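Have a look at the structure below, then the notes.
Both ligands and their constituent atoms are indexed starting at 1 by order of listing. In this text, all values refer to a predicted model and were calculated from it rather than measured experimentally.
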Amino acid sequence: MNPPSPYLDEPSGPLHLVPGYARLPERFFARLAPQPVARPRLLALNRALAADLGLDVESLGEDRLTALFSGNAPPRPGETIAAAYAGHQFGHFVPQLGDGRALLLGDLRDRTGVRRELQLKGSGRTPFSRSGDGRAALGPVLREYLVSEAMHALGIPTTRALAAVATGETVMREEVLPGAILTRVAASHVRVGTFEYFAARRDLEGLRALADYTIERHYPRAADAPRPHLALLDGVVERQASLVARWMLVGFVHGVMNTDNMAVSGETIDYGPCAFMDAYDPATCFSAIDRHGRYAYVNQPHAALWNLERFAAAILTLIDAAQERAVELARAALERFSVLYERHFQDGMRAKLGIGAERAGDAELARAWLELLHRNAVDFTVAHRRLADGGARELFADAGEFGRWEEAWRARLALEPEPFAARAAVMRSVNPAVIPRNHQVERAIDAAAHSGDLSPFVELSAALARPYERQERFAAFAEPPLPSERVLRTFCGT
Ligand code: AMP
Ligand code: MG
């Protein structure tokens, strides 16, 4: 690693950044400046997040912010970097991917003292761009902004969206589209694929530097474990088990769970063709490029475990110099995933159904409920909300079938020490009324991209900020799509 330089670590520039990833060896990234854009315009600024980050947006002013978040005036010139990484895409290993259209700006310490990393996404070509243009279209930028912020409001670990800037330039996709840049904030952008990059090159020194960086930044307690890198694997397994269970409990479908899109910090990252399920169907798969449903809703826990196996394989030599021993230790760590996942999922389902401490039969009750939703094609979000509020029966084509399940559910609730009203309050705190429904997200994106009208985006953002509250003025956003409004396909937009 580079020798520590007290000068470099002083926060500097308008955003008070310090170098983070840029302190790692030079072969971890390419240093380059963002490509300036023609006519930047600030479309969205996340004031609540800015305040959490300790940024004084009022005194910076709109022109300065626009210049910063468009890449036209990088906050610490000479220190913006494109990170190198690899990844398994749909099961196939690609030894070099990397930030092909993104640049890391540096770190800042948020109000609670936690290091956060800023990235511009859509900032122009880099040495990792391959045939891409290095840019992002407005639609996907707004989709990531909306959905990542909705995930945060739902209480699910995620990267955040600080700003969206229109570039004033167009990008060529299937059609000509307005370009934009997203400013993303993450615990870090280290991916499973970053580890794979060094492992594939047999760069043991690089691998160790990356692992130590990750431990220090995300899993500091692992440093004191007898085997720190095994503890790292344990930690990543635990956070992914919890994360994916949280996705499943709100009906989130990530869409491209390639290893380059899995952050080792445990945050949801890289919102591409992601979407929320409306009617409950385990096979739900929106992504136009996922022809075989590899990353369908129901497959997400399997995909996460598959990725964790790639992670374990990448750091195997760090776990133990004797390969057999390393494999044995890694296998035991990976075996915990399913147990942890199942526990998180079952705990979550009980909460969704208003049930407290676990009793025999709870998992069967939850499974019967989900099967009922599937058979009747009932909206996942509305159904859970109605269990607390009343009116669930009307959602089912077969009311008798619902009635039989409801009887079992009521009998189970009768075993709870609190009255139903108290359980219903808990249910409302875990079952969102408002999720970023695909048809609403697309409507907001369309209005912005094709008519320059940001008001649907602003209104949807506001509705998504408090998802567990039923707010009359946002009632429309709680509604499932009409059959004619249903969106079945989403695109990466890259
Ligand atoms: P993603 O689908 O966004 O996870 O990206 C997968 C890989 O393709 C990453 O290495 C990206 O940096 C790269 N990539 C995606 N879109 C572009 C683009 N427009 N220009 C250059 N590289 C891109
Ligand atoms: Mg990606």
Of the backbone atoms (N, CA, C, O) and the side-chain heavy atoms from C-beta on, which set of [X] has a member under 4.0 Å from an atom of ligand 1: side chain, backbone, both, or neither?
X: Asn258; value: neither
X: Leu97; value: both
X: Lys121; value: neither
X: Arg130; value: side chain

Enumerate the atoms of ligand 1 whose separation from the nearest heavy atom of [X] is less than 4.0 angstrom.
X: Tyr85; value: 9 (C), 10 (O)
X: Ser129; value: 21 (C), 22 (N)
X: Asp270; value: 4 (O)
X: Gly134; value: 18 (C), 19 (N), 20 (N), 21 (C)
X: Gly132; value: 20 (N), 21 (C)

Is any N or O atom of Phe128, backbone or side chain, closer than 3.5 Å to an N or O atom of ligand 1? no
Are any of the N/O atoms on Asn261, whether in the backbone or the side chain, positioned under 3.5 angstrom from an N/O atom of ligand 1? yes
Side chains of [Y] and [X]: any donor to acceptor distance under 3.5 Å?
X: Thr268; Y: His254; answer: no
X: Glu196; Y: His88; answer: yes
X: Ser461; Y: Tyr145; answer: no
X: His189; Y: Arg184; answer: yes
X: Arg39; Y: Thr167; answer: no
X: Tyr197; Y: Asp203; answer: no

Heavy-atom distance to atom 14 (N) of ligand 1: which of Arg101, Glu144, Arg135, Arg125 wins? Arg101
Checking Gln119, Arg115, His218 against Ser188 for side chain to side chain donor-acceptor pair (under 3.5 Å), the one that qualifies is His218
Does atom CG (Asp63) have a neighbourhood of more than 12 heavy atoms from anything else shown, all under 6.0 Å? no
Is the count of non-hydrogen atoms from other residues, nucleotides or ligands lying under 6.0 Å from Glu216 atom CD greater than 12? no
Any atom of ligand 1 sitting under 4.0 Å from a heavy atom of Arg173? yes
With the threshold set at under 4.0 angstrom, would you say Gly98 reaches ligand 1 through any of its heavy atoms? yes
Please determine if the Mg ion (ligand 2) has an N/O/S atom from Asn261 lying under 2.8 Å away. yes
Show your working on salt bridge (charged side-chain N to carboxylate O under 4.0 Å, His left out) between Arg31 and Glu26 and close with a plain yes or no. CA-CA 8 Å; Arg31 275 180 205 274; Glu26 291 288 321; 2.7 Å; yes
For the Mg ion (ligand 2): the N/O/S atom of Asp270 at shortest distance: OD2
